[in-house]
Amino acid sequence: MNQEVRTRFAPSPTGGLHLGGVRTALFSYLFAKKHKGSFVLRVEDTDQNRYVEGAEQYIIDCLAWCGISPDEGPHKPGEYAPYRQSERKLMYKQYALQLVESGHAYYAFDTSEELEKMREELKSEKNPSPQYDASHRMHMKNSLSLLKEETDKLLQENTPYVIRIKMPQNEIISFNDMIRGEIKNEADLVDDKVLLKADGMPTYHLAVVVDDYLMKITHAFRGEEWLPSAPVHIKLWEYLGWKESMPQWAHLPLILKPDGNGKLSKRDGDRLGFPVFAMDWHDPKTGDTTKGFKELGFLPEAFINLLALLGWHSGEEKELFTKEELIAAFSMERVHKGGAKFDFDKAKWFNHEWIKKLSDEDCAALVKPILTTKGLKIEDDSFLIKAVHLVKERCVLLNDFYEQSIYLFESPFTFDLEAIQAKWTDEKKLFFIDWINILESLSVWQFSDIETSFKNLATEKNIKPGELQLPFRIMLVGAKHGIGVFHIADMIGKEDTVNRMKKVLGML
RNA sequence: GCCGCGUUGGUCAAUCGGUUAAGACGCCUCCCUUUCACGGAGGAAUGACGAGUUCGACUCUCGUACGUGGUACCA
């Protein structure tokens, strides 16, 4: 069977897009592209209580930023539209009813109070979470326990109901996971999950099966947290008569918090000072903004690169991959089973490497808006490109370019005079006075002439050039950091160089 | 509680029965640079535990421990 590979990313639009979500999307994308297939975005908005305004567009924006845009989705309808589950509401009901008719599902009329009462009464130390399953369903109010006339009457009276799957008894449900191999579950241990809610919306369980079938999904990737409900989905595929078309499942390992154990949450990011969302998320309900990798100064190339290496490994020593290289190298056999702790230091290392790989021109284009919003005036793009070239290797995040290059654009306001005064002498002062005269007489202002005149004069005055470089640096930068001093002088020009020198000389 | 999944240095990880158990991040030392980085050279640091299979086990099997996920009319 040479059918086209189709994978999907199916998030629910309830808030910011988590690292783990992006990685699931990334792996689905890489797998699809590796096999020349399609990657679909399906919005799982079946819980109307959790719907958050703007979250869907935000997800689309995040994927676009990462460079893993879906081939089909609500924003780009293909032949399986609509891609929003709320808009497919009516389709699900017919399948739920089909299941009732074939005896694999049933109506349940229990109110939430009754369910709660059942759980409360059955709860014991040995069984802290009683389930709605074969052992109890005949004691509940449903079309299995009720007479047919009673059920019909309730339905005619428009009594609210849900449709639940009737899980089989004495059966081992097994399936093959692409990452974990054969997974077995005892059907008796799985409860009769709700398929169709009282509001007519499907639950995830029904919707994921129906949509994966209708959208011809061939490989379904999702987080490990779905493993326990997989048997329900397997039975659904079977009961609906679609078993031959069931996608291959892959349950991805979790991304864990760096300290301790457990799933990485937004709270961990806040606590430990790093983002968890791909891009800034503005919560319309609380008005809060949560920082994203993009706004912190990450490159999308670095972001997907680091995510790909969290749970997957090529087997070779190479760690830096472009998206195309990831597509070429990706394989499910090399995806890990165990969860990976997120390491922000390593994440920053990836970004640093990617910044160094970026061309000066491309880098400058990304840096320009950052510098201008922080108040720097950039009149000349070629100057910016030169500046970027000079400071690039010391910037880990795009935002670092501001403090690493500000002295190329503006004169410093504060000076670390102590650093000069510690070893200051009259001879050194005379040196700078004489050197200013020489610099002012230079007809051409260029790196090599500046450096040569500096060294020649130092030799002439019998002072070690190194002893003079630190004071010179403080005059130009204000502090003990930055690129080579003669490069700075070259960049800021004769007038500015001399002015900065005179200003500090006057302070000593 | 029950069920599922997992477990190689601090972290990411290679190894698909035989190696001195790679490499990267981070950390430490030194060199380069009289700034800060980059770069270079070194260093410390790993198979949860117990059985079994085998000539031989990090690799296979079982058990234990630990961790984690699930146990909703949320996904």
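Naming convention: chains lettered A, B, ... in sequence-line order (proteins, then strands); numbering from 1 in each chain. Keep in mind it's a predicted model, so treat the numbers as computed, not measured.
Checking each of A/Y95, A/Y106, A/Y107 against A/V100 for a side chain to side chain contact (heavy atoms under 4.5 Å, CB included) leaves exactly one that passes, namely A/Y107.
Separating the CZ atom of A/F401 from the P atom of B/A37 is a distance of 17 Å, rounded to the nearest angstrom.
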List the atom pairs, donor and acceptor, that lie under 3.5 Å between side-chain atoms in residues 466-488 of chain A and the rest of the protein, sequence neighbours left out.
{"unit_1": "A/E467", "atom_1": "OE1", "unit_2": "A/K428", "atom_2": "NZ", "d": "3.1"}
{"unit_1": "A/R473", "atom_1": "NH1", "unit_2": "A/H481", "atom_2": "O", "d": "2.9"}
{"unit_1": "A/R473", "atom_1": "NH1", "unit_2": "A/G482", "atom_2": "O", "d": "3.4"}
{"unit_1": "A/R473", "atom_1": "NH1", "unit_2": "A/I483", "atom_2": "O", "d": "3.1"}
{"unit_1": "A/R473", "atom_1": "NH2", "unit_2": "A/I483", "atom_2": "O", "d": "3.1"}

Just distance, no hydrogens or angles: give the donor-acceptor pairs under 3.5 Å from side chains in residues 16-25 of chain A, sequence neighbours left out.
{"unit_1": "A/H18", "atom_1": "ND1", "unit_2": "A/G20", "atom_2": "N", "d": "2.8"}
{"unit_1": "A/H18", "atom_1": "NE2", "unit_2": "A/L264", "atom_2": "O", "d": "2.7"}
{"unit_1": "A/R23", "atom_1": "NH1", "unit_2": "A/L310", "atom_2": "O", "d": "2.7"}
{"unit_1": "A/R23", "atom_1": "NH2", "unit_2": "A/P253", "atom_2": "O", "d": "2.2"}
{"unit_1": "A/T24", "atom_1": "OG1", "unit_2": "A/G20", "atom_2": "O", "d": "3.0"}

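Aromatic rings of A/F298 and A/F303 (six-membered ring for Trp) have centroids beyond the 6.0 Å cut-off, not under it. Residues A/F321 and A/W312 place their aromatic rings such that the two centres sit under 6.0 Å apart.
A/V162 comes within contact range of at least one nucleobase, with a heavy-atom separation under 4.0 Å. Using a 4.0 Å heavy-atom distance criterion, A/D345 is classed as a sugar-phosphate-only contact. Across all strands shown, A/L254 has heavy atoms under 4.0 Å from sugar-phosphate atoms exclusively, and none from any base. Contacts of A/D133 with the nucleic acid, taken as non-hydrogen atoms under 4.0 Å apart, are absent. Within the nucleic acid shown, A/G262 comes within 4.0 Å of sugar-phosphate atoms alone, with no base atom in reach, counting heavy atoms only. A/S12 comes within contact range of the sugar-phosphate backbone alone, with a heavy-atom separation under 4.0 Å but no base atom that close. As judged by a 4.0 angstrom heavy-atom cut-off over every strand, A/K263 is placed among residues touching the sugar-phosphate backbone only. Nucleic acid contact for A/G223: none, since no nucleic acid atom lies under 4.0 Å from a heavy atom of the residue. Heavy atoms of A/E467 sit under 4.0 angstrom from at least one base atom.
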Below 3.5 Å is the cut-off: list the nitrogen or oxygen pairs between protein and nucleotides 4-11 of chain B, distance only.
{"unit_1": "B/C5", "atom_1": "O2'", "unit_2": "A/R180", "atom_2": "NH1", "d": "2.5"}
{"unit_1": "B/C5", "atom_1": "O2'", "unit_2": "A/E224", "atom_2": "OE2", "d": "3.3"}

List every contact pair, protein side and nucleotides 59-63 of chain B side both N or O, where the distance is under 3.5 Å.
none

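Residues from residues 44-56 of chain A placing a heavy atom under 4.0 Å of any atom in RNA chain B, listed by number, are A/E44, A/T46, A/D47, A/R50.
Nearest nucleotide to the side chain of A/H352, out of B/U15, B/A75, B/C38: B/C38. When each of B/A75, B/C25, B/C2 is scored by its nearest atom to the side-chain atoms of A/W349, the top-ranked nucleotide is B/C25. If you check B/U34, B/A22, B/G67 against the side chain of A/Q469, the one that comes closest is B/U34.
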* Checking salt bridge (Lys or Arg N to Asp or Glu O under 4.0 Å) for the pair A/K266/A/D268: CA distance, chi angles, key distance, verdict? -> CA-CA 5 Å; A/K266 181 177 106 51; A/D268 298 313; over 6 Å; no
- prompt: Which is it for A/H233 and A/Y204 under the side-chain contact (heavy atoms from CB on, under 4.5 Å) test, yes or no, and what are the steps along the way?
  reply: CA-CA 10 Å; A/H233 309 145; A/Y204 171 82; 3.8 Å; yes
### Message
Assess the residue pair A/F401 and A/E403 against the criterion (side-chain contact (heavy atoms from CB on, under 4.5 Å)); give the C-alpha distance rounded to whole Å, side-chain angles, the decisive distance to 0.1 Å, and a yes or no.
### Response
CA-CA 6 Å; A/F401 277 90; A/E403 62 174 59; over 6 Å; no
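When the side-chain nitrogen and oxygen atoms of A/R119 are compared with OP1 and OP2 of B/C73, one or more of them lie within a distance under 4.0 Å. Contact between the side-chain N/O atoms of A/K356 and the OP1/OP2 oxygens of B/G39 is found at a separation under 4.0 Å.
Look at B/C32: it lacks any Watson-Crick or wobble partner with both distances under 3.5 angstrom. Across every strand in view, B/C74 sits unpaired, with no contact that passes the Watson-Crick or G-U test at under 3.5 angstrom. Shown here, B/U53 forms no base pair; nothing in the strands shown gives a Watson-Crick or G-U wobble contact with both key distances under 3.5 Å. Look at B/A45: it lacks any Watson-Crick or wobble partner with both distances under 3.5 angstrom. Nucleotide B/C5 has B/G67 as its partner under the Watson-Crick or G-U criteria, with both atom distances under 3.5 Å.
A salt bridge is absent between A/K357 and A/E301: the closest approach of a Lys/Arg side-chain nitrogen to an acidic carboxylate oxygen does not fall below 4.0 angstrom.
Nearest-nucleotide positions on RNA chain B for A/V485 and A/L310 put A/L310 closer to the 5' end.
You'll find the side chain of A/L99 stays beyond 4.5 Å of the side chain of A/I165, heavy atoms only.
A/H352 pairs by the side chain to side chain donor-acceptor pair (under 3.5 Å) definition with nothing, not counting sequence neighbours.
Of the C1' atoms belonging to B/C74 and B/G63, the separation is 37 Å, rounded to the nearest Å.
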